[in-house]
2 protein chains.
Amino acid sequence: MHLRTPLDLGLAIRQQRRRLGLNQTDLAGRAGVGRQWIVAIEQGKARAELGLVLRTLAALDLSLSMDDGVEAAGSPGLHLEPIDIDAIVEAARARRP
Amino acid sequence: MHLRTPLDLGLAIRQQRRRLGLNQTDLAGRAGVGRQWIVAIEQGKARAELGLVLRTLAALDLSLSMDDGVEAAGSPGLHLEPIDIDAIVEAARARRP
DNA sequence: CTACATTGTCTTCGAACGACGACAATCGCG
DNA sequence: CGCGATTGTCGTCGTTCGAAGACAATGTAG
């Protein structure tokens with residue numbers, strides 16, 4: 001998932017939080033921040049403190065990586081990973097009752 | 001490049017800045033921040049403002065992406081995200097000659 | 001080595017932070 | 001639908017922010 005804006009980040013945080021079945025208070029406890037901070041960051045708060053952002057990501061088992069924009073723009077096909085359709089179909093079947 | 005701490009980020013910013021042949025004043029101008037802010041972020045300032053961080057990365061043609069840490073740990077496949085099978089199959093068909 | 005360029009550090013000041021408590025609004029389940 | 005759970009918003013307060021200017025310390029090229 002590509003991050004361009006604070007709102008991108010906030011939405012990603014919310015998505016992962018819900019995926020993990022946590023509420024905002026749970027996550028706040030894990031990250032060592034106040035609940036209102038979680039509310040604010042999920043809404044795209046641009047002036048949030050970087051260190052707290054990184055801590056919150058760690059609390060959600062998310063990791064950030066950085067890519068040189070030139071590389072990403074320069075190789076249209078070589079960065080696609082082979083797709084294992086069978087494994088994906090199997091996983092999807094396992095998810096459906 | 002994996003980012004865990006504000007210092008990781010700051011060192012990455014400095015590295016890219018030097019790679020692009022910019023000094024701190026140049027980068028500050030591009031990112032719309034003061035030079036001292038660049039000094040501080042490069043040294044790993046944890047309380048820096050997220051929005052300014054993202055702007056600085058954009059000024060350096062760097063992009064951030066986020067990965068689910070569980071996937072990154074190399075689990076075999078049962079942690080795949082909820083998936084739109086039809087979209088994946090379509091994309092795979094488009095890839096096959 | 002010297003001179004210039006670059007980076008690092010300090011001060012000031014109005015704005016905003018994050019934590020905490022509390023109430024309002026919305027959501028989701030039975 | 002009702003009700004409890006969750007999210008959103010507001011106010012307060014001590015702390016820190018970032019911009020701007022300026023000087024110190026370090027780096028680099030000739």
Side-chain angles (χ1 to χ4, degrees), chain A residues 1 3-64 66 68 70 95-97, chain B residues 1 3-64 66 68-70 81-84:
Chain A
M1 177 182 295
L3 302 177
R4 227 180 264 278
T5 66
L7 185 58
D8 289 341
L9 184 91
L11 296 177
I13 284 172
R14 180 173 288 180
Q15 179 180 28
Q16 178 74 349
R17 173 173 65 79
R18 286 174 173 167
R19 183 178 294 139
L20 298 183
L22 302 173
N23 62 35
Q24 292 178 334
T25 305
D26 294 334
L27 177 57
R30 287 186 178 201
V33 298
R35 182 180 68 77
Q36 285 79 3
W37 190 87
I38 297 293
V39 172
I41 196 71
E42 289 189 348
Q43 292 174 8
K45 182 179 171 65
R47 303 198 70 170
E49 180 179 320
L50 172 64
L52 296 184
V53 169
L54 293 178
R55 263 182 25 209
T56 302
L57 295 181
L60 289 167
D61 287 325
L62 288 173
S63 64
L64 275 184
M66 187 178 292
D68 184 307
V70 174
R95 281 196 325 123
R96 296 179 183 176
Chain B
M1 176 183 299
L3 302 177
R4 229 181 263 279
T5 66
L7 187 57
D8 288 342
L9 184 90
L11 296 176
I13 284 172
R14 179 172 288 181
Q15 179 180 25
Q16 178 75 348
R17 172 173 68 79
R18 287 174 172 168
R19 182 180 293 141
L20 297 182
L22 302 173
N23 62 34
Q24 292 177 333
T25 304
D26 293 334
L27 177 56
R30 288 186 178 200
V33 298
R35 183 181 66 80
Q36 286 79 3
W37 190 88
I38 297 293
V39 173
I41 195 71
E42 288 189 348
Q43 293 174 7
K45 182 179 171 66
R47 303 198 69 166
E49 180 179 322
L50 172 64
L52 295 185
V53 170
L54 294 178
R55 263 182 26 210
T56 302
L57 295 181
L60 289 168
D61 287 323
L62 289 173
S63 63
L64 276 185
M66 187 178 292
D68 184 307
V70 175
E81 298 181 12
I83 289 174
D84 183 345

Out of C:dG18, D:dG18, C:dG8, which has the shortest distance to the side chain of B:R14?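 Closest nucleotide to the B:R14 side chain: C:dG8.
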
Scan A:V53, A:L52, A:T5 and name whichever one has a side-chain contact (heavy atoms from CB on, under 4.5 Å) with B:L50.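 The side-chain contact (heavy atoms from CB on, under 4.5 Å) with B:L50 is passed solely by A:V53 among A:V53, A:L52, A:T5.
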
Which part of the nucleic acid, if any, lies within reach of [X] when heavy atoms closer than 4.0 Å are counted: base, sugar-phosphate only, or nothing?
| X | value |
| --- | --- |
| B:A48 | sugar-phosphate |
| A:R18 | nothing |
| B:G51 | nothing |

Atom-to-atom span, [atom1] of [X] to [atom2] of [N] - whole angstrom:
| X | N | atom1 | atom2 | answer |
| --- | --- | --- | --- | --- |
| B:L50 | C:dG18 | CG | C1' | 15 Å |
| A:I38 | D:dT9 | CD1 | P | 16 Å |
| A:E49 | C:dG18 | CD | P | 6 Å |
| B:Q36 | D:dG21 | CD | C1' | 8 Å |

I'd like to know if A:R35 reaches the base of D:dG8 with its side chain, counting only an N/O donor and acceptor under 3.5 Å.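 Check passes, donor-acceptor contact within cut-off.
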
Look at the side-chain N and O atoms of B:Q43 and state whether any lies under 4.0 Å from the OP1 or OP2 oxygen of C:dT7.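 No, outside the criterion.
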
With a 4.0 Å limit, can you tell me whether B:K45 has a side-chain N or O closer than that to the phosphate oxygens OP1/OP2 of D:dT16?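 For D:dT16, neither OP1 nor OP2 has a side-chain N or O of B:K45 closer than 4.0 Å.
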
